[in-house]
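Below: the structure, in structure tokens.
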Amino acid sequence: MAGTKEIKTHIESVRETQKITNAMYLIASTKLRRARQELDNTRPYFEALRGEIKRIFRTVEDVESRYFYPVGDEAPLEGTYGCLVITADKGLAGSYNQNAIREAQQLLEQHPDTKLFVVGEYGRRYFAQRGIPIEHSFLYTAQNPTMARAREISALLLDGYSRGELKQIFVVYTDMEKNMRFQARSTRLLPFHRAYFTRGAGAREEAAVETPFEFLPDVRAVLNNMMPSYVSGFIYSALIDSFCCEQNARMAAMDSANQNAEGLLESLSLEYNRVRQAAITQEITEVSAGARAQRQRKDR
């Protein structure tokens with residue numbers, strides 16, 4: 001059985017660890033609040049941009065663009081795919097990283113000819129340790145998602161897509177759902193289905209535009225000029241969503257660690273008091289036995 005000194009040292013160690021987990025919980029909650037505020041500040045612009053793209057398709061139904069499947073053709077494309085995998089730079093976030101990596105592995109199993117573009121040190125180390133080639137790794141983006149870095153990522157992906165090196169582009173990210181729950185998703189970014197803009201999930205059908213629009217130089221050029229900005233916004237939203245989910249997962253992990261520490265401290269305190277009481281009882285017994293021996297010696 002451990003002595004009082006060992007138990008006391010263990011209690012101090014748990015308390016020091018609890019200070020770290022408390023600090024990480026507070027930091028994660030602050031980052032989560034700030035990231036959600038940044039997303040709320042930029043979301044209206046990209047929602048308006050999506051509305052304008054939707055208006056183009058309501059005006060000219062048969063417009064062609066390299067960013068969309070041809071009209072009436074939605075068959076899977078053959079060739080090399082690109083996959084942007086968004087993970088964290090570190091662990092201690094529950095199953096957040098593992099869920100995203102699992103989604104990426106499923107895509108690799110379905111289509112082995114896939115180039116990986118990885119955000120986050122955790123994902124980079126995971127694929128590197130298993131000998132899975134990475135086309136490009138974006139450093140420090142997971143901990144500081146900004147619009148500038150989203151444009152940098154989208155520019156690289158769009159360059160490969162425009163040159164025909166990437167036939168389809170997927171984004172594996174973690175989406176924040178209702179009730180602060182999150183789920184890893186694999187979403188095809190390019191090419192888009194026209195239905196994605198002509199009608200949304202649960203949205204009502206809108207009437208066709210009666211007043212004609214004039215597009216300069218032409219409708220295809222206008223649409224092709226808008227899509228890179230929309231792709232950047234989509235990637236930025238995925239980065240922010242993933243970052244929020246990471247912080248939420250880390251808060252849950254740290255809260256669980258704090259609760260476990262409280263339970264451990266309680267059991268250690270009980271054990272410490274029990275050992276201390278046993279030691280005091282032993283000392284009292286030894287003193288009493290010594291005093292009794294002294295009295296018996298004097299009586300003789």
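Positions are given from 1, in the same order as the sequence printed here. Everything numeric in this text was worked out from a predicted model, so none of it was measured.
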For [X] against [Y], the heavy-atom pair lying closest together:
| X | Y | result |
| --- | --- | --- |
| I101 | G123 | CD1-CA, 4.4 Å |
| Y161 | R66 | OH-O, 2.6 Å |
| I240 | P145 | CD1-CG, 3.7 Å |
| A100 | I86 | CB-O, 3.8 Å |
| S154 | V231 | CB-CG1, 4.0 Å |
| V171 | A238 | CG1-CB, 4.1 Å |

Test salt bridge (charged side-chain N to carboxylate O under 4.0 Å, His left out) on E121 and R124 and set out the steps. CA-CA 5 Å; E121 182 65 17; R124 188 195 67 79; 2.5 Å; yes
All salt bridge (Lys or Arg N to Asp or Glu O under 4.0 Å) counterparts of [X], not counting sequence neighbours:
| X | answer |
| --- | --- |
| E16 | K19 |
| D255 | none |
| E262 | none |

Is any side-chain heavy atom of [X] closer than 4.5 Å to a side-chain heavy atom of [Y]?
| X | Y | result |
| --- | --- | --- |
| L108 | L116 | yes |
| T174 | N99 | no |
| F117 | L166 | yes |
| E165 | T80 | no |
| L190 | L157 | no |

Please confirm whether the backbone N or O of [Y] pairs with a side-chain atom of [X], one donor and one acceptor, at under 3.5 Å?
| X | Y | value |
| --- | --- | --- |
| R188 | P191 | yes |
| Y96 | S242 | yes |
| H111 | E78 | no |
| N248 | C244 | no |
| D175 | Q183 | no |
| T281 | Q277 | yes |
| N260 | S256 | yes |

Partner residues of [X] under the side chain to side chain donor-acceptor pair (under 3.5 Å) criterion, sequence neighbours left out:
| X | answer |
| --- | --- |
| R34 | none |
| T30 | none |
| N225 | none |
| E135 | none |

Got a second to check how far [X]'s [atom1] is from [Y]'s [atom2], nearest 0.5 Å?
| X | Y | atom1 | atom2 | result |
| --- | --- | --- | --- | --- |
| S232 | M227 | OG | CE | 10.5 Å |
| I235 | M147 | CD1 | CE | 8.5 Å |
| T146 | L239 | OG1 | CG | 8.5 Å |
| S237 | Y173 | OG | OH | 7.0 Å |
| L107 | R102 | CG | CZ | 15.0 Å |
| I134 | C83 | CD1 | SG | 11.5 Å |

Could you list the donor-acceptor pairs under 3.5 angstrom formed by side chains in residues 20-29, with sequence neighbours left out?
| unit_1 | atom_1 | unit_2 | atom_2 | d |
| --- | --- | --- | --- | --- |
| T21 | OG1 | T17 | O | 3.4 |
| T21 | OG1 | Q18 | O | 2.9 |
| T21 | OG1 | N258 | OD1 | 2.4 |
| N22 | OD1 | N258 | ND2 | 2.9 |
| N22 | ND2 | Q18 | O | 3.2 |
| S29 | OG | Y25 | O | 3.4 |
| S29 | OG | L26 | O | 2.7 |

[X] atom [atom1]: more than 12 heavy-atom contacts under 6.0 Å:
| X | atom1 | result |
| --- | --- | --- |
| E266 | CD | no |
| K115 | NZ | yes |
| K31 | NZ | yes |

Same cluster or not: L156 versus V172, using hydrophobic residues (I, L, V, M, F, W, Y) connected whenever any side-chain heavy atoms lie under 4.5 Å apart? no
Do the side chains of I53 and L158 join up, straight or via other hydrophobic residues, at under 4.5 Å, putting them in one cluster?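 I53 and L158: one cluster.
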Please list all pairs passing the ring-ring contact (aromatic ring centres under 6.0 Å, His included) test where one or both residues lie in residues 227-268, with sequence neighbours left out. F192-Y230, F197-Y230
Can a salt bridge be assigned to the pair R274 and E271 using a cut-off of 4.0 Å between side-chain N and carboxylate O?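 The answer is no: the pair does not qualify as a salt bridge.
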Looking at E246 and R250, is any side-chain nitrogen of the basic one under 4.0 Å from a carboxylate oxygen of the acidic one? yes
Name all residues meeting the side chain to side chain contact (heavy atoms under 4.5 Å, CB included) criterion together with S267; count only those two or more places apart in sequence or in a different chain, and write none if there are none. L264
Can you name the side chain to side chain contact (heavy atoms under 4.5 Å, CB included) partners of A221, sequence neighbours left out?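 For A221, the residues satisfying side chain to side chain contact (heavy atoms under 4.5 Å, CB included) (neighbours in sequence not counted) are P217, D218.
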Audit row: Y81, Q110, side-chain hydrogen bond (donor to acceptor under 3.5 Å, both in side chains) steps and yes/no: CA-CA 11 Å; Y81 290 0; Q110 296 171 3; over 6 Å; no
Going through the distances and angles, do V119 and L84 end up as a side chain to side chain contact (heavy atoms under 4.5 Å, CB included)? CA-CA 7 Å; V119 172; L84 176 66; 3.8 Å; yes
Residues that H136 engages under ring pair (Phe, Tyr, Trp, His ring centres under 6.0 Å), provided they are two or more places apart: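 With neighbours one apart ignored, the set is F138.
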Q98 and Y122: side chain donor to acceptor below 3.5 Å: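 Result is yes, a qualifying pair exists.
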